[in-house]
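What follows is a short report on a single structure.
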There are 2 protein chains.
Amino acid sequence: MLLLLTYVRRINFRKGIRRKKIEALRMTGKKIQKKSAYHHGDLRGQLIAAARRLIEEHGPDGFSMSDACRLAGVSTAAPYRHFSSKNDLLTDVAKDGLQRLGAEMEQSASEHPRGSIESISAIGRVYVAFAIREPHTFRLMFSTRSHSGRIEELKQVGRGCYGVLLAEVARYLGEDDITEWVIKTAFPLWTQVHGLSFLAIDGKLDVTSFPVDINDAVLLATQRLLPPQDERQKP
Amino acid sequence: MLLLLTYVRRINFRKGIRRKKIEALRMTGKKIQKKSAYHHGDLRGQLIAAARRLIEEHGPDGFSMSDACRLAGVSTAAPYRHFSSKNDLLTDVAKDGLQRLGAEMEQSASEHPRGSIESISAIGRVYVAFAIREPHTFRLMFSTRSHSGRIEELKQVGRGCYGVLLAEVARYLGEDDITEWVIKTAFPLWTQVHGLSFLAIDGKLDVTSFPVDINDAVLLATQRLLPPQDERQKP
DNA sequence: TAACTATGTTACTATTGTTAACATATGTTA
DNA sequence: TAACATATGTTAACAATAGTAACATAGTTA
């Protein structure tokens, strides 16, 4: 029994240490409103933010619900009022990522002549850049793991992203709708950029002896995979 | 204290159930040699096999060291005589996968005229097929997560795989060595096939409204990304 | 004010990866 | 063959996790 007590005390001691660390971390956070000390204000949003941060810092496996709780300053049971499971929270992180990616794609496309090789390759550049900037989130966005019952919901947001590319390719081809031709032209572009993203974040770009300039690679692939300017009519 | 005893008994009861399940699983395994009942024979190999199986069945997250132990019929501490950690075991699964992929690539290339579009696209087909057949292992093979101190070792095996493609592209281009031209031609091919693999295993091929035939996609991309037959001279 | 609902908490369960201390089999050498 | 060293197992325990249940409080509405 004495042993048990010692054990418990040791646990609490450790907890104390951990708490202090996390407390320090919390201070760096932006908007902390302790308006009631019991009810949190925006726990849901802050948990997602904490998850994003932790995932990018320690990878999706290094992320734990408990850590997110400590960051948000709540008990480990609190998240389950807002998310049905850890995976459910991760799904929201992924969804958020997809939405941000879509917005960035649209933004970068709009900065070039619409329907040009430049605008299309700009979309690709943004795509790869996102992957490199937030590799773990990116991996999460495109994985069926987790996301238990919400794959369709996620896919819907993904379709939004893809739609940006499709629209731009349609403009390039002079098509008014997203025709089969548009889709079949756009798909290899996506594939290419997607593969490049994964190779980049998985550190595989140096297996080849020559350094790969990512932006060059995107542009080159775009040029090769799009039909040349003078053949831009329906096959 | 009574409570504690009840708790312990319940644990043992559960363990009993689990043991039976796993026992049933074990029977389906092929080579079980219980030559000494203490020393196992080939625990290392069987743990890798168990890991492969469990990973493909429940995903890399659903895989637990404990499950692998139960499958192999040893205690949870036993693996640590052969692997320094769970990740270390996973690294061996990944390495094994890369080796098998490389062998399959070489095999399929050899079944076509060397240095032809057919042999090159055959390599791509095998690549994607592997990903679809063993998606979780494939993901593991190309992820920097885990694999703690052994990334270089893994990369070396990966270079072997890539070498198969490089050699075939070199033949296509009529080059004797793996020149810069060869590498720059092969790289987008790899990217394309790699992206296609990930999109396929992540269930993203149906975001486009038209069904994607993977083999067609590989062939088409190969044709577009390789310089045409009549331009096969150094740029 | 009273009742209801949303959102927290504490305490607990079951499970995991990993280590330490111990035990036994196998191979090598006196 | 006996003694030892090494490789390879075991049990018991630790620290951490995801998730649940029972309870508590804040905010909202009748």
Side-chain angles (χ1 to χ4, degrees), chain A residues 3-4 6-19 21-22 33-47 51 54 58 60-91 146 148, chain B residues 3-19 21-22 33-47 51 54 58 60-90 146 148:
Chain A
L3 258 169
L4 189 66
T6 328
Y7 175 39
V8 170
R9 197 178 310 151
R10 205 189 306 176
I11 285 183
N12 287 333
F13 178 62
R14 290 235 158 210
K15 263 188 188 168
I17 292 179
R18 190 113 197 200
R19 281 269 157 72
K21 277 192 195 168
I22 297 291
Q33 335 129 296
K34 244 192 187 173
K35 65 177 183 181
S36 77
Y38 198 99
H39 276 46
H40 190 281
D42 177 33
L43 183 54
R44 190 192 154 84
Q46 245 177 266
L47 280 174
L54 287 169
H58 311 112
D61 293 0
F63 159 77
S64 79
M65 215 64 177
S66 316
D67 277 340
C69 290
R70 278 186 280 267
L71 255 184
V74 294
S75 74
T76 61
Y80 295 91
R81 297 291 171 197
H82 302 272
F83 305 95
S84 66
S85 67
K86 181 184 178 183
N87 281 346
D88 195 36
L89 169 53
L90 289 181
T91 303
S146 339
S148 19
Chain B
L3 256 170
L4 190 65
L5 284 179
T6 328
Y7 174 38
V8 170
R9 198 177 310 150
R10 205 190 304 176
I11 286 183
N12 286 334
F13 178 62
R14 290 234 158 210
K15 263 187 187 167
I17 292 179
R18 190 114 196 199
R19 282 269 157 73
K21 277 191 196 168
I22 297 291
Q33 335 129 296
K34 245 191 187 172
K35 63 179 185 181
S36 77
Y38 198 100
H39 276 45
H40 190 281
D42 177 32
L43 183 53
R44 190 191 154 84
Q46 245 176 266
L47 280 174
L54 287 168
H58 311 112
D61 293 0
F63 159 75
S64 79
M65 215 67 179
S66 317
D67 278 341
C69 289
R70 278 186 279 267
L71 255 184
V74 294
S75 73
T76 61
Y80 295 89
R81 298 291 172 197
H82 302 272
F83 305 95
S84 67
S85 68
K86 180 183 179 182
N87 280 347
D88 195 36
L89 169 53
L90 289 181
S146 338
S148 19

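Chain identifiers are assigned alphabetically (A, B, ...) following the order of the sequence lines, protein sequences preceding nucleic acid strands; residue numbering begins at 1 within each chain.
- Going from atom CG of Leu90(A) over to atom P of dG19(D) covers 10 Å, rounded to whole Å.
- Rounded to whole Å, atom C1' of dA16(D) lies 17 Å from atom CE of Met65(B).
- Across all strands shown, the partner of dT17(D) is dA14(C), judged by Watson-Crick or G-U wobble contacts whose two distances both fall under 3.5 Å.
- When all heavy atoms of Ala78(B) and Leu43(B) are compared, the closest pair comes out as CB-CD2, 3.8 Å.
- Here the P atom of nucleotide dG17(C) and the CZ atom of Phe63(B) are 7 Å apart, to the nearest Å.
- Using a 4.0 Å heavy-atom cutoff across all strands shown, Thr76(B) reaches at least one base atom of the nucleic acid.
- Computed from coordinates, the Asp88(B) CG to dT18(C) P distance equals 10 Å when rounded to whole Å.
- The side chain of Ser75(B) has dT10(D) as its nearest neighbour among dA18(D), dT8(D), dT10(D).
- Regarding Leu89(A), its CG atom lies at a distance of 10 Å from the P atom of dG19(D), rounded to whole Å.
- Close to dA16(D), at under 4.0 Å from its OP1 or OP2, lies no side-chain N or O of Arg70(A).
- Distances were taken from every side-chain heavy atom of Ser64(B) (C-beta onward) to each of dT17(D), dT16(C), dT9(C); the shortest belongs to dT16(C).
- Heavy atoms only, all atoms of each residue included: Met65(A) and Pro79(A) are closest at CE-CB, 3.7 Å.
- The Asp67(B) side chain lies nearest to dT16(C) when the options are dT16(C), dG19(D), dT19(C).
- When all heavy atoms of His82(B) and Arg44(B) are compared, the pair lying nearest together is O-NH1, 3.4 Å.
- Distances from the side chain of Ala77(A) to the nucleotides dA18(D), dT16(C), dA11(C) place dA11(C) closest.
- Atoms NE2 (His58(A)) and P (dT17(D)) sit 12 Å apart, rounded to a whole Å.
- For dA16(D), neither phosphate oxygen OP1 nor OP2 lies less than 4.0 angstrom from any side-chain nitrogen or oxygen of Ser66(A).
- Rounded to whole Å, the distance from CG on Leu71(B) to P on dT16(C) is 12 Å.
- Partners of Ser84(B) under the side-chain contact (heavy atoms from CB on, under 4.5 Å) rule, at least two apart in sequence or in another chain, are Asp88(B).
- Closest contact between the side chain of Lys86(B) and the listed nucleotides dT9(C), dT18(C), dA18(D) involves dT18(C).
- Note: OH (Tyr80(B)) to P (dA13(D)) measures 19 Å, nearest angstrom.
- Taking all atoms of both residues into account, the shortest heavy-atom contact from Leu54(B) to Ala68(B) is CD1-N, 3.5 Å.
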